[in-house]
Structure formats: C-alpha cells, structure tokens
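FYI, side chains are in, hydrogens and waters are out, and symmetry mates aren't considered; it's all heavy atoms of this structure. Source: prediction; values computed, not measured. Chain identifiers are assigned alphabetically (A, B, ...) following the order of the sequence lines, protein sequences preceding nucleic acid strands; residue numbering begins at 1 within each chain.
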Amino acid sequence: MSLHSFSLSLLLSSLSSALSKSTITSHEASLRRKHLDQVYVQLIVSGLHKCRYLVIKFVNACLHFGDVNYAHKAFCEVSEPDIPLWNAIIKGYAQKNIVGGPIRMYMDMQISQVHPNCFTFLYVLKACGGTSVELGKQIHGHTFKYGFGSNVFVQNSLVSMYAKFGQTSSARIVFDKLHDRTVVSWTSIISGYVQNGDPMEALKVFKEMRQCNVKPDWIALVSVMTAYTDVEDMGQGKSIHGLVTKLGLEFEPDIVISLTTMYAKRGLVEVARFFFDRMEKPNLILWNAMISGYAKNGYGEEAIKLFREMISKNIRVDSITMRSAILAGAQVGSLELATWLDGYISKSEYRDDTFVNTALVDMYAKCGSIYLARCVFDRVANKDVVLWSAMIMGYGLHGHGQEAIRLYNEMKQAGVSPNDGTFIGLLTACKNSGLVKEGWELFHQMPNHGIEPHHQHYSCIVDLLGRAGYLNQAYDFIMSMPIKPGVTVWGALLSACKIHREVRLGEIAAQQLFILDPYNTGHYVQLSNLYASAHLWTHVANVRLMMTQKGLNKDLGHSSIEINGSLETFHVGDRSHPRSKEIFEELDRLEKRLKAAGYVPHMESVLHDLNHEEIEETLCNHSERLAVAYGIVSTAPGTTLRITKNLRACVNCHSAIKIISKLVDREIIIRDAKRFHHFKDGVCSCGDFW
DNA sequence: GTAGGGTTAG
C-alpha cells in the first residue's frame, strides 16, 4: 500500500468513527460532509477510486451521512467488486431503508455470480423486513441453498424478519429450531412479540430466558422495558429497573432512554426527568423522549422549555422533536408561541414535511386561529388524508360545520379517500354546529368507504342526537351499537341529559359511567348538576356524599391568558395576581353593566348549597371572567382576547361573556376542554351548542 | 465488519 493510500485509509476511518458520535450539531455535520467531498476528490486524483479496500471505507463513510447515491457512485467505479464490497453497499441500502435497493443489489450480485456469505444474508434479510412475505420466504430458501441453515446469526435475522411481517408464529418456528440460542436470539423473539402488540407473550419468553440462565444485556432489557410499558404494569416495570441497576446498566445511554420513556408514558414525568438529567450529554432520542413525554402528559410548557434549551445549545433537532414541540404548543394554546414555532420551522429543513405541517394545522386550530391553520394547510403541496382530516377537525373544533363538509367534498374531488380520522373530524364538526341531518348521513356513509365506526364515532352521534334533544333516539342508538358502549358514549348521553334536564336517562348513563370510570370526578359533577337543574336537592346531596366517600373533590377550574408573551393563570376568586385590585374593579364595572343590560344568571345549574349572594359571587369570580377582566385592563381597546380553560365553559359565564363581547366591543376566543367559543357582538360561534 | 432495541402527526 502506497503512503498516499495508507493516509487516505486512516482519514476515512477517522471520518467514519467521528460520524458515529451520537449528538452532533448541524454545523459539525455540514463541515464533515464537505470533508467527505474533499476525500473523494483525492481518491479520484490519485487513481485510488478503483481500489476495493478504500472504496469499502469510503462507502461506509458516505453511509454514515445517508448519502447512498454517493456510495453507489463510488461502488460503480470498481470493475469487479468482491464479496466485502458487495456486502458494504447492500448493508448501506439496508440501513437507509431504501425500498428495493438492497434486494436489487443482491440480485445483481447473483447475476455477477459472486456467492453470498453469511454477512450478505444479514443485510438482505434486514431489508426484506419491509417488503413482501413471499420475497422473505424465497431468501429464507437461499439461506439453506448456500449452507447457512443453522448459522445462528442468519437464523436470528430470520426471526426478526418474520416478526416485522407480523408473522410471529413463523418467527417462533425459526426460534424454536435454534440449538444455540444467544441473547440476540431471545431478544429477537421478545421484541417481535412487543412489536406485534403481544407484550404478555414477550414477558413470558423473557421469563423462560431467565430460567435458561441467559444473562440479558442492555438491548434485551430495552425490549423488555417496552413490553412492561405496554402492559401498563408499573410494579413489574420497577422490578426491571431493579435488574438494570443490579447488572450495572443504569447509565447505559439507551437504557436511560427506555427508563425515561417508561416513566414518562406513565405520566411520572418527574421520575423521567431524573434520568434525563443524569445524562451529561443526552442524545437526540433522549431529548425527544423527554419532550414528547412532557407534551403527552399535559406538561406543554416544560416541553417547550426543553425544546428552547436544545435550540440555544445548538443541538440538532429532527422531525420528531418538531412534532413533539408542536404538540406541546397545541396544548399550551398560546397563539404567540404557535407563531414562534411556525416561524422556526419555516426556516428549517422540515418546512415541507407533511407530518410536521399536519401537526402545525392541528396546533393553530387548537390555539384559536383557524385562519392560520388554513394558511399552513394551503401551502402544503402533497396533501395526504391525515392533513385533510386535521383541517376538517380544526373547522369542527371551531363549530364551522358547513366549512368542514365543504372541505371533505374538496378532498374527495382531489382523489383522496377518507379514513376513520376524517369521519371523526366530520362528525365533531356536525355535533359542534348542530348539523343533525348531515352528521347522521355522514355516519351512514362510512361503510361505503370500508370504514367501521369505533367508539369516538358512536359518541359523536350520541352527542349529536342528544344535544339536539333527541334523547330517546340517542338511547336507542346506544342500545343498537354492535360494540359495547364505553365511557365516551355514556358521557355524551349524560351531558345531553344535563342540557335537557332528562333525569331518567341521565341516571342510566351515570350508572354505567360509575361502573366503567368510577374515579372520574366529572361524571359525578354532571349528575349532580342534572339533579340540581331538576330541583332534586336530596339527590344532589346524595351524589356529593358518594363523592366524599370515594375521596373525590370537584376539579378546580382555571383559565389562562397570554399577555405580552407571559402566560397568566387564574383560579376561582383568585386574588393572588399583582394587578388583582384593577382586575376586581373591572369585574365590578362589568357586573354593573351586565345587570343594566338585563343579564340574570341561572341559579339552578350551580352548587345548591350556597346562598344567593354566595352564588352570585362565585359566578362573577369564575376563572374565565378573571382572565377576561385581566385581558381588558392590560391590552389596547379592540384587542382580541384568547383564553384557555381546563374545564367546559360554565353556562352563566358563557351568557355573560356573550354580552361582555358586545359591551367592550372585542372578540373573545375561549378554548374550553371540548371546543372553541368565538364571542363577538353579543353572540357565540357555538350557537349555544356545546 | 456479523444480528437484537428506544423517540413517531390525526
């Protein structure tokens, strides 16, 4: 080997190993890419681009970047590739999930009459995982033909290939025939069961593995922890944690990811954060696990804080980070934050990513701007069914029923077929706009599209019929359901009964809810309010007693409003705000103007055990009113107020805010637990349906 | 040079 080729070889090795570092900044990545270009030029200039040994190294270096085309170009320069070079290029295609690529190269290899070795099969079988079972079986045959029928490496790959096809029974047959099972064989079958939604079987196999005295390594434990996460068995999950510690693997970066994910998925975000913080340099997946853990469990602001930290530290983010951050933005509900996220993304490489844009549409809709949601929707070139559905759902949340249906028709004209999510959006739109006939018809069109309704669709219909006052029809509909009605379905009936003061059916719904979901405070409050609206005070007292016996307290309402980038949260009668004096003065002024305008609150629907003055006091101090008053005193006249409330809008506040919107001449947008209300000129966009 | 795992919109 000449001195030049030796130095190039060293250079390529260092380049590849440097690239495998887990967390690199985008700046570092671009520098290294330039480096790769320079090396290739040197290879060509020195005529060494035909040297198989160096080309393998170069191909590997390219593949670290995912630059398969570059690798392929280098490969083609070699006139008679040997097995290692074929393997390198097949491996590269397989790693990058290029559909058909590895298989095509494998075929080319056979045409060139180069015999595959066991390495070849590892890569080809990995690539088969995403294609057809028939092809997989064919390659399975080849492994025997070329003498690898009992090679444990090749057989392990077969186990995971069959698992990826969803054929766990075939995977199990291969696994059962294996004589010398390694920890990898066990992990392959365990993760196969996890991937195919059978965590119980996975855990059974793990127990067997332990009985066979096979010591689990960190990858095995990662699979097992996923299984525990899926069976929702936290007690057992903790014992795995114990095993991890015993084996001294608790600082293994990928184990930390699994622990973080396992605890975050349970909502134990503080525990998850403990593991995250223990890592000096968390990798991208760990950042993502923590951010999405926060976002999914209602800790939107924490998620955003972490996302901003990543950016300020110049850590590379990917589309999953973006989606998790956007999900968090949707939860926080601040339009200011939403536009910041959108602005950040429009300057990033993910600006055309359909998944990211779908999340943006959803976020804008949930942050109260259906207009901006539509702007994002319109700028996406290739709209898939999920994007259309997100936009339809956005209109639904805002009660723009007709607009949702119009968009649905447009979607069909564009040749996109609806899926179950599309119908959830449509039915939500109909129920939020009181479009009973349209919703009913759409529901019955679902089978024409080959879609079977599930719980959410059924509960939309119950809601749709119930709110319109067709309570008996809603009940008959529930009785005729082909699947067992669940919490959402009975919950929809109960809240409709509350609106229409239908005690008999309401009690039936509540009974079911107390069985299915006994610790949800909301159901008890609904039933109590239903009794109060019918003046059945003894019944109200009984429900309250049931709640006390079960140790349940009424959920406290709170509302947030963002002013100049700072999010302020108010509770009932909250006097902790620094500008509290001004806020209550404004509330007083509003109260007087409301009375002058003829506003009288409904007393029946609130807690019965308060006296008249207390009721009125509580009503005026509800969290949404405090947020409105604060918005009025701290923004310029005419500014739109955007408020988020954790519970459903209260009937009295709803009617009061309608009038307030006219009195102060402002648009007030409130996102409650279920939908949006746009108050303007004395009316609300929900048309009093909610 | 060997395989197995983890984050994932509606």
Side-chain angles (χ1 to χ4, degrees), chain A residues 16 56-57 59-60 83-85 87-88 91 94 117-123 125-126 148 151-161 163-164 171 175 181-192 194-195 202 216-227 229 252-262 264-265 282-293 295-296 317-327 330 350 353-363 365-366 384-394 396 418-425 428 456:
Chain A
S16 291
I56 288 177
K57 287 210 157 199
V59 163
N60 283 333
I83 300 182
L85 186 51
N87 286 348
K91 181 184 177 187
N117 65 9
C118 69
F119 295 103
T120 321
F121 281 115
L122 301 185
Y123 312 136
L125 289 170
K126 189 187 167 95
F148 300 105
N151 178 299
V152 68
F153 290 99
V154 174
Q155 296 304 306
N156 288 345
S157 299
L158 278 166
V159 171
S160 47
M161 178 193 79
K164 289 211 172 69
F175 175 79
R181 293 173 191 157
T182 63
V183 63
V184 178
S185 324
W186 288 96
T187 310
S188 302
I189 190 74
I190 289 172
S191 73
V194 176
Q195 284 160 12
D217 63 2
W218 59 271
I219 300 184
L221 290 172
V222 164
S223 301
V224 174
M225 274 195 266
T226 318
T229 309
E252 181 64 48
D254 298 297
I255 285 278
V256 176
I257 293 170
S258 293
L259 285 167
T260 308
T261 310
M262 187 169 79
K265 277 194 180 164
N283 69 12
L284 179 60
I285 297 174
L286 185 54
W287 281 100
N288 287 352
M290 196 62 236
I291 294 175
S292 81
K296 281 191 198 152
V317 298
D318 68 359
S319 88
I320 295 176
T321 328
M322 294 289 186
R323 281 184 256 165
S324 305
I326 299 168
L327 184 66
Y350 301 103
D353 182 312
T354 309
F355 280 31
V356 168
N357 280 306
T358 306
L360 280 177
V361 167
D362 176 62
M363 175 186 72
K366 286 184 179 150
D384 71 354
V385 61
V386 188
L387 180 69
W388 285 97
S389 306
M391 193 64 228
I392 290 170
M393 183 55 129
N419 67 8
D420 61 334
T422 320
F423 279 94
I424 292 172
T428 303
Q456 268 180 289

Practice item. Can you tell me the distance, in whole Å, between the CZ atom of A:Phe153 and the P atom of B:dG4? Key: 12 Å
Exercise for review: Give a yes or no on whether the backbone of A:Pro282 and the side-chain of A:Trp287 come within a donor-acceptor separation of less than 3.5 Å.
Suggested key: yes
Review point. Nearest of B:dG6, B:dA9, B:dT2 to any side-chain atom of A:Cys118?
Key: B:dT2
Exercise for review: Remember a base hit wins even if backbone is also touched, and classify A:Asp362 as base, sugar-phosphate or nothing at under 4.0 Å, heavy atoms.
Suggested key: sugar-phosphate
Check your understanding: When you measure from the side chain of A:Val222, which nucleotide among B:dG6, B:dT7, B:dT2 comes out closest?
Key -> B:dG6
Review point. Please give, in whole Å, the distance from B:dG5 P to A:Leu286 CG?
Key: 19 Å
Exercise for review: Check whether the side chain of A:Asp254 and the base of B:dG5 form a donor-acceptor pair under 3.5 Å.
Suggested key: yes
Check your understanding: Between B:dG6, B:dT7, B:dT8, which nucleotide gets closest to the side-chain atoms of A:Lys296?
Key -> B:dT8
Review point. Once you round it to whole Å, what is the distance between C1' of B:dG4 and CZ of A:Phe175?
Key: 12 Å
Exercise for review: With the side chain of A:Trp218 defined as its heavy atoms from C-beta on, choose the nearest nucleotide among B:dG4, B:dT7, B:dG5.
Suggested key: B:dG5
Study note, to complete from the structure: A:Ile257 has its side chain closest, among B:dG6, B:dT7, B:dG1, to B:dG6
Review point. Looking across every strand, which nucleic acid part, if any, lies under 4.0 Å from A:Ser223 by heavy atom: base, sugar-phosphate, or nothing?
Key: sugar-phosphate
Check your understanding: Hey, does A:Asn288 have a side-chain heavy atom less than 4.5 Å from the side chain of A:Ile257?
Key -> no
Point to revise | Under 3.5 Å donor-acceptor pair, A:Ser188 side-chain atoms to B:dG4 base atoms | key: no
Exercise for review: Look at all strands and tell whether A:Val194 reaches a base, only sugar-phosphate, or nothing, counting heavy atoms closer than 4.0 Å.
Suggested key: nothing
**Study point:** Whole-Å distance separating the CE atom of A:Met393 from the P atom of B:dA9
**Key:** 15 Å
Check your understanding: If you look at every strand shown and take non-hydrogen atoms under 4.0 Å, does A:Ile291 touch a base, only sugar-phosphate, or nothing?
Key -> nothing
Check your understanding: Would one find a side-chain N or O of A:Lys265 under 4.0 angstrom from OP1 or OP2 of B:dT7?
Key -> yes
**Study point:** Side-chain N or O of A:Gln195 closer than 4.0 Å to phosphate OP1/OP2 of B:dG4
**Key:** no
Review point. Do A:Asp217 and B:dG4 share a donor-acceptor pair, side chain to base, under 3.5 Å?
Key: yes
**Study point:** Out of B:dA9, B:dG4, B:dT2, whichever nucleotide has its closest atom nearest the side chain of A:Arg323
**Key:** B:dA9
Check your understanding: Just checking A:Asp420: base, sugar-phosphate only, or nothing, at a heavy-atom cut-off of under 4.0 Å?
Key -> nothing
Study note, to complete from the structure: Of B:dA3, B:dG4, B:dA9, the nucleotide closest to the side chain of A:Thr182 is B:dA3
**Study point:** Side-chain heavy atoms of A:Asp384 within contact of A:Leu387, under 4.5 Å
**Key:** yes
**Study point:** Interatomic distance, A:Ile285 CD1 vs B:dT7 P [rounded to whole Å]
**Key:** 9 Å
Review point. Between atom CG in A:Asn151 and atom C1' in B:dG1, what is the gap in whole Å?
Key: 14 Å
**Study point:** For atom CG of A:Leu122 and atom C1' of B:dT2, their distance in whole Å
**Key:** 5 Å
Practice item. Ignoring backbone atoms, establish whether A:Thr226 has a side-chain N or O less than 4.0 Å from OP1 or OP2 of B:dG5. Key: no
Review point. Between A:Ser185 and A:Asn156, does any side-chain donor sit less than 3.5 Å from a side-chain acceptor?
Key: yes
Check your understanding: Which nucleotide sits closest to the side chain of A:Ser160: B:dA9, B:dG1, B:dG4?
Key -> B:dG4
**Study point:** Phosphate OP1/OP2 of B:dG4 contacted by A:Lys126 side-chain N/O (<4.0 Å)
**Key:** yes
Check your understanding: Which nucleotide, B:dG1, B:dG5, B:dA9, lies nearest any side-chain atom of A:Ile219?
Key -> B:dG5
Exercise for review: Measure the spacing between CD1 of A:Ile189 and OG of A:Ser223 and express it to the nearest 0.5 Å.
Suggested key: 11.5 Å
Practice item. Assess the side chains of A:Thr321 and A:Asp318: does a donor N or O sit below 3.5 Å from an acceptor N or O? Key: yes
**Study point:** Nucleotide B:dG5, atom C1' - distance to CG of A:Asn283 in whole Å
**Key:** 13 Å
Exercise for review: Counting heavy atoms from C-beta on, name the nucleotide in B:dT7, B:dG1, B:dT2 closest to the side chain of A:Pro84.
Suggested key: B:dG1
Exercise for review: Report which part of the nucleic acid A:Asn357 touches: base, sugar-phosphate, or nothing (heavy-atom distance under 4.0 Å, all strands).
Suggested key: nothing
Review point. Is the shortest heavy-atom distance from the side chain of A:Phe175 to the side chain of A:Arg181 under 4.5 Å?
Key: yes
